[in-house]
Amino acid sequence: MLDIQLLRNDLEGAAARLASRKFVLDTVAFQALEAERKTVQTHTQDLQAKRNATSKQIGIAKSKGEDVAPIMAEVATLGDELKAAEEKLTVIQSQMQSLLLTIPNVPHESVPVGTSETDNVELRRVGTPRSFDFEVKDHVDVGEGLSQLDFAAGVKLSGARFTVMKGPLARLHRALAQFMLDVHTAEHGYTELYVPYLVNADSMQGTGQLPKFEEDLFHVPRGDEGKLYLIPTAEVPVTNLVRDEILPLEQLPLKFVAHTPCFRSEAGSYGRDTRGMIRQHQFDKVELVQIVPPDQSYAKLEELTSHAEAILQKLELPYRVMSLCTGDMGFSSAKTYDLEVWLPAQNTYREISSCSNFEAFQARRMQARFRNAAGKPELAHTLNGSGLAVGRTLVAILENYQNADGSVTIPTVLRPYMGGLEKIVAA
RNA sequence: GGAGAGGUGGCAGAGUGGUCGAAUGCACCGGACUCGAAAUCCGGCAUAGCCUUAUGGGUUAUCGUGGGUUCAAAUCCCACCCUCUCCGCCA
């Protein structure tokens with residue numbers, strides 16, 4: 001959520017910046033609503049002040065044993081008028097709130113301007129793609145060749161976009177998550193968390209999934225009206241830990257890492273990545289989250305991104321770092337770096353991590369604050385990034401570490417997690 | 001699932017219709033005293049919004065959440081949420 005002051009003080013400027021990310025802000029509607037709000041709110045508060053003053057007088061008069069009938073008569077009609085004004089104000093305020101909740105974040109000035117994926121800017125490449133002296137298979141053929149990756153079983157149990165892994169491959173998947181957690185806690189200073197996979201609507205609104213992207217979420221009914229949502233990323237429960245909190249300055253920055261499954265309905269992407277486990281309804285991810293003072297957030301974005309990169313480097317997977325353009329960034333983000341891993345079978349780089357600075361956008365929705373040096377509550381900045389998406393990392397390993405005989409070499413750093421196993425061979 | 005108790009400021013805890021945004025204590029901040037500290041004394045000490053504005057001032061809302069009664073609600077009524085205790089069940 002944007003600061004409404006920004007819209008009041010520099011509406012055209014805000015609209016121009018939002019336009020760079022393909023969002024059209026209806027400035028006329030905003031101004032009209034804002035003008036009405038001002039009138040109605042002032043009027044309502046005047047009436048409330050009058051009511052409060054009169055009620056107080058009645059109280060004083062009664063305590064003195066005086067006749068209160070004349071004063072009562074004075075406010076006889078106030079009630080209806082006030083009620084009407086309050087109702088009107090409530091409607092306007094909820095309209096304003098709804099409007100604000102659907103406006104995306106303003107891009108940081110360092111974000112490249114563009115309209116689509118193709119305008120993203122490559123910042124660096126790390127590692128050299130391996131050259132193969134045989135025809136590379138994609139991860140589906142590699143995994144099924146090993147009889148350890150079973151898409152048909154996933155379909156039987158649940159439907160499309162679900163997968164079953166078996167044996168050493170399932171263990172490799174677990175090993176990846178363990179490895180990532182160990183690196184981030186031991187080397188990068190993150191505190192490991194275990195969090196709920198079902199969260200309430202307030203949490204989803206806090207990080208920006210609601211109200212706009214309900215169709216991307218799975219939910220389960222609970223009670224008559226309520227429902228809980230399956231998390232699409234650990235970002236939601238982890239970041240919402242600080243919702244409605246005022247943190248002591250000394251506690252910042254907070255650095256959390258959590259390994260969770262992620263559930264996405266993938267509405268609107270029915271035709272994309274239907275083969276393999278690139279795009280699943282359920283996948284595991286190790287997520288990094290930082291809560292920091294505003295003046296540190298851009299330095300922390302670089303740092304957090306480097307933490308995610310460290311995993312790829314240790315796994316010796318070639319990747320590149322992209323700075324997403326204004327038109328390709330997520331709703332809540334002010335700046336995003338994507339890490340893209342090399343997939344030889346696709347002969348391209350594919351997203352495996354997304355690291356973002358949300359500035360105060362999420363914090364404002366969540367009322368996540370800290371007490372600044374002056375002792376005053378101030379909105380914190382929130383950041384997060386995948387460190388990494390476990391399923392896609394597994395895909396990358398299957399493809400990059402495949403051998404001519406169909407086996408898959410296990411990256412050195414993972415072998416301790418695999419009981420010393422060096423290679424996965426067909427069962 | 002059954003029975004009961006309870007949710008008030010950073011914490012503890014008073015307040016059951018009226019000068020209550022809320023006593024008191026602790027914690028915290030500033031000052032006095034002191035060579036310094038402790039003790040003591042004095043003062044300060046919630047958050048969000050709106051209007052106005054040179055510092056500032058005015059005003060509204062908030063006592064778990066939402067609704068209702070009333071001129072007036074922390075206080076009365078209804079619904080919901082959460083916590084605790086006991087019983088049952090259970091990984």
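Labels below follow one simple rule: chain letters A, B, ... track the order of the sequence lines, proteins then strands, and each chain is numbered from 1. Computed from a predicted structure; not experimentally measured.
The distance between atom CD of Glu86(A) and atom P of A61(B), rounded to the nearest whole Å, is 8 Å. The distance from atom NZ of Lys56(A) to atom C1' of U19(B) is 5 Å, rounded to the nearest whole Å. In this structure, the CD atom of Glu34(A) is 7 Å from the P atom of C51(B), given to the nearest Å. Atoms NZ (Lys50(A)) and P (U59(B)) sit 16 Å apart, rounded to a whole Å. The nearest whole Å value for the distance from the CD atom in Gln48(A) to the C1' atom in C51(B) is 13 Å. Between the CE atom of Met72(A) and the C1' atom of C71(B) there is a distance of 5 Å, given to the nearest Å. Following rounding to the nearest Å, Asp46(A) (CG) and G49(B) (C1') show an atom-to-atom distance of 15 Å. If you measure from atom CZ of Arg51(A) to atom P of A61(B), you get 5 Å, rounded to the nearest angstrom.
For the OP1/OP2 pair of U59(B) and a distance below 4.0 Å, the side-chain nitrogens and oxygens of Asn52(A) include no atom meeting the criterion. The phosphate of C29(B) has neither OP1 nor OP2 within less than 4.0 Å of any side-chain N or O from Arg371(A).
One P atom belongs to C11(B), the other to U16(B), and the distance between them is 23 Å to the nearest Å. Rounded to whole Å, the separation between the P atoms of G9(B) and G15(B) comes to 16 Å. Comparing the P positions of G68(B) and C90(B) gives a spacing of 45 Å, expressed to the nearest Å. Of the P atoms belonging to G44(B) and U24(B), the separation is 11 Å, rounded to the nearest Å. Rounded to whole Å, the P atom of U59(B) lies 25 Å from the corresponding atom of U65(B). Comparing A14(B) with G67(B), their P atoms sit 29 Å apart, to the nearest whole Å. Comparing the P positions of U60(B) and U19(B) gives a spacing of 14 Å, expressed to the nearest Å. Rounded to the nearest Å, the gap between the P atom of C82(B) and that of A74(B) is 25 Å.
Between Leu82(A) and Lys376(A), the one whose closest nucleotide on RNA chain B sits nearer the 5' end is Lys376(A). Heavy-atom distances to RNA chain B give each of Ala53(A) and Leu78(A) a nearest nucleotide, and the one nearer the 5′ end belongs to Ala53(A).
Of the listed nucleotides (A48(B), C71(B), U52(B)), U52(B) has the atom at the smallest distance from the side chain of Lys38(A). Checked against U47(B), C71(B), U19(B), the side chain of Ile60(A) finds its nearest nucleotide in U19(B). Closest to the side chain of Ala49(A), out of A72(B), U59(B), U47(B), is U59(B).
A91(B) is unpaired under the Watson-Crick or G-U wobble criterion, no partner having all donor-acceptor distances under 3.5 Å. Look at A38(B): it lacks any Watson-Crick or wobble partner with both distances under 3.5 angstrom. In this structure, A79(B) forms a base pair with U65(B), meeting either the Watson-Crick or the G-U wobble geometry with both donor-acceptor distances under 3.5 Å. Nucleotide G4(B) forms a pair with C84(B), judged by Watson-Crick or G-U wobble geometry with both contacts under 3.5 Å. Base-pair partner of A72(B): not found among the strands shown (Watson-Crick or G-U wobble, both distances under 3.5 Å). Pair check for C26(B) finds G10(B); Watson-Crick or G-U wobble, both atom distances under 3.5 Å. Pair assignment for A48(B): U60(B), on the basis of Watson-Crick or G-U wobble contacts that are both within less than 3.5 Å.
Nearest heavy atoms, Glu245(A) versus Leu241(A): CG-O, 3.8 Å. Summarising the geometry of Leu249(A) relative to Arg371(A), their closest heavy-atom pair is CB-O, 3.3 Å, with the distance given to 0.1 Å. Closest approach of Met1(A) to Arg364(A), counting heavy atoms only: O-NH1, 2.6 Å.
Checked by distance alone, Gln45(A) brings a side-chain donor or acceptor within 3.5 Å of a matching partner on the base of G49(B).
If you run side chain to side chain contact (heavy atoms under 4.5 Å, CB included) between Tyr337(A) and each of Ser323(A), Ser306(A), Ser353(A), only Ser323(A) comes through.
Nucleic acid contact class of Arg364(A) (heavy atoms, under 4.0 Å, all strands): none.
With no hydrogens or angles considered, a side-chain donor-acceptor pair links Tyr190(A) and Gln290(A) at under 3.5 Å. There is a side-chain donor-acceptor pair under 3.5 Å between Tyr298(A) and Glu359(A).
A parallel orientation is assigned to the rings of His188(A) and His307(A), their planes being inclined by less than 30° (bins at 30° and 60°).
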